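So the structure is just underneath, and the comments pick up after that.
Since we're looking at a predicted model, the values are computed, not measured. Just so you know, ligand 1 is whichever comes first in the structure, and atom 1 is the first atom listed for that ligand. Side chains included, hydrogens not; waters and symmetry mates left out as well; all remaining heavy atoms used.
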Amino acid sequence: MNPPMRKIPVYEPDLGAREREYVLDCMDSGWISGIGKYVSRFEEAFSAFCDVSYAIATCNGTVAIDLALATLDVGPGDEVITSNLTFAATANAIRHVGAMPVFVDSEPETWNIDPNRIEEAITPATKAIVVVHLYGHPADMDPILAIAAKHGLFVIEDAAEAHGALYKKRRVGSLGHVACFSFYGNKLITTGEGGMLVTDNAGLAERARFLRGQAMHSALPYYHPEVGYNFRMTNLQAAIGVAQMERADALIARKRQVAHWYAERVNRLPGIDFSPEAMWATSTYWMNSILVRPESGLTVSGVRAQLAKAGIETRPFFYPMNTLPPYIHALAVRHYPVSERLGKQGINLPSSPRLDEATVAYVIDALQECYATAASPLPLTPSPRWLTPSSTLSVAEDKRA
Ligand SMILES: *Cc1c(COP(=O)(O)O)cnc(C)c1O
């Protein structure tokens, strides 16, 4: 196996001529701050993409969650339920507004918040649930929405990793009261740094827009009836976003193609599982993930070291929130066997939309070579899996028809 000419990164943005053209247009026009035609065009394109009425662009995804919580008046004294396996930004945003996160374990099938464990986490102080669609796979929203309705809780989708994913043929971002996206450089749609709050509720949209811009009165310049934020996205960021939206469907289709190339190869490796896709879901496979189970005879550190030698960058899964210093108190009241296992067994493989099939094959060859040095090499037979990736992975919209 010849090592690649350059390191294969976990992610790199797919930027084209249009992105450059629109950014230069901003430069030439002088509209480089938080007002400009690209900001409104990006908001319009993104709300249409999510099947919602309103979109409010922000300077990053974390503050989109801050803004969502502030818009719903979540604050000190409130508890917010969220997934134990997520990027720290989800939990941090809850702390930013002064509320306390209450973490719920993952379900093994989708790696997302387990709907069966939510009710036991609800207390009189619970105000909202922040549902994370991890690594591009939607959470099982129907039972979550039913529990929220029963207890009068708001549902915020943290869709930062799942642009365009479908839950029962519906777009993520259109399922809760409010949803938040990130456009960081390694997200499926990028603006460098950037975020978006989307909602179908006119009142919430108006309030989010108001709080985003220092809570300034719309008719009285410099009259601020409340404490607001500056969470605006720049026209420069939005210019990249508008260009990305022009080929969002192609990017998603490409991501699903890459996942398909991985899935058919990983499924032949014993003791290793590939990213799930539930029957009701169309994942965007933001990350192409594997779980290295003990039966494989491999270790996560061993696999990562060997892939690194082959020039392949990988990432471990997130640390479960209950294991991080700011949130370690969570362990005292609840147990997290599933998310802790996922956190220990998970590896994210190169997942850029720019990957070709030969590179995916090279990564899997390198993975397969790990068995030769494993403690107890196993015969190469397929591992049983409850989920099989759909056979028509190349079309982003395939499950909508
Ligand atoms: C990326 C991400 C965010 C935050 O996005 P930034 O734009 O980096 O602030 C929030 N939640 C999840 C799950 C993410 O992956």
Side-chain angles (χ1 to χ4, degrees), residues 10-13 42 46 50 55-70 80-97 99 101 103-104 106 110-113 128-139 141 144 155-165 167 172-173 175-176 178-198 212 229-234 236-238 240-241 244 255 275 283-289 315-321 324 326-327 339 342-343 346 348 351-352:
V10 167
Y11 217 95
E12 56 189 335
F42 186 36
F46 202 77
C50 293
I56 290 106
T58 58
C59 45
N60 62 58
T62 307
V63 303
I65 308 172
D66 292 359
L67 185 61
L69 292 162
V80 178
I81 289 171
T82 193
S83 181
N84 194 43
L85 189 63
T86 181
F87 182 50
T90 319
N92 290 345
I94 294 166
R95 292 296 294 127
H96 293 163
V97 298
F103 303 108
V104 168
S106 313
T110 68
W111 308 348
N112 285 313
I113 192 166
I129 307 173
V130 180
V131 182
V132 183
H133 305 302
L134 193 73
Y135 297 145
H137 192 293
M141 291 301 289
I144 297 171
V155 175
I156 299 169
E157 293 174 76
D158 179 349
E161 304 182 354
H163 319 68
Y167 175 70
V172 307
L175 307 164
V178 180
C180 304
F181 290 84
S182 165
F183 307 113
Y184 184 65
N186 69 1
K187 297 288 162 79
L188 200 153
I189 292 166
T190 186
T191 61
E193 297 273 0
M196 193 78 84
L197 181 156
V198 303
R212 178 185 67 172
Y229 307 91
N230 175 4
F231 284 165
R232 287 184 299 268
M233 172 182 276
T234 66
L236 286 164
Q237 290 168 287
I240 300 173
Q244 292 266 293
K255 289 285 293 157
S275 304
S283 175
T284 51
Y285 296 94
W286 176 54
M287 283 293 147
N288 294 116
S289 312
R315 290 278 164 78
F317 272 20
F318 300 124
Y319 283 94
M321 291 301 110
L324 296 179
Y327 302 114
S339 44
L342 295 170
N348 288 319
S351 296
S352 159

Relative to the heavy atoms of G194, which atoms of ligand 1 are at a distance of less than 4.0 Å?
7 (O)
Atoms in ligand 1 with a heavy atom of G61 nearer than 4.0 Å:
4 (C), 5 (O), 6 (P), 7 (O), 9 (O)
For a 4.5 angstrom cut-off between non-hydrogen side-chain atoms, does T82 reach V132?
yes
Below 4.0 Å from ligand 1: does a non-hydrogen atom of E193 turn up there or not?
no
Examine distances only and state if a side-chain atom of S283 and a backbone atom of G136 form a donor-acceptor pair shorter than 3.5 Å.
yes
Does OH in Y11 sit with more than 12 non-hydrogen atoms of other residues, nucleotides or ligands closer than 6.0 Å?
yes
In the protein, what heavy atom is nearest to atom 14 (C) of ligand 1, and what distance, to one decimal place, separates them?
K187 NZ, 3.2 Å
Part of T62 within contact of ligand 1 (heavy atoms, under 4.0 Å)
both
Counting from 1 in the order shown, the ligand 1 atoms closer than 4.0 Å to a non-hydrogen atom of T86 are 13 (C)
Any atoms of ligand 1 less than 4.0 Å from a non-hydrogen atom of A89? List them with their elements.
3 (C), 4 (C), 10 (C)
Atoms of ligand 1 close to A160 [distance to a heavy atom under 4.0 angstrom, numbered from 1]
2 (C), 3 (C), 10 (C), 11 (N), 12 (C), 14 (C)
What about D158: any of its N or O atoms under 3.5 Å from an N or O on ligand 1?
yes
Close aromatic pair by centroid cut-off 6.0 Å: F183 and F46:
yes
Non-hydrogen atoms of I94 and V97 that approach each other most closely:
O-CG2, 3.3 Å
All heavy atoms of A91 vs all of M321, minimum pair found to be CB-SD, 4.1 Å
Does L134 approach ligand 1 within less than 4.0 angstrom via side chain, backbone, both or neither, non-hydrogen atoms only?
neither
Shortest reach to atom 6 (P) of ligand 1 by a heavy atom, considering only S182, G192, C59
S182
Determine whether a donor-acceptor pair (N or O, by modelled atom type, separation under 3.5 Å) exists between the side chain of E157 and the backbone of G176.
yes
Between H163 and M196, is the side-chain contact (heavy atoms from CB on, under 4.5 Å) condition met? List the steps.
CA-CA 11 Å; H163 319 68; M196 193 78 84; over 6 Å; no
Hey, is C180 one of the residues with a heavy atom under 4.0 angstrom from ligand 1?
no
Measuring from atom CG of L188 to atom OH of Y285, what distance do you get when rounded to the nearest 0.5 angstrom?
13.5 Å
Atom 15 (O) of ligand 1: nearest protein contact (heavy atom, Å)
E161 OE2, 2.5 Å
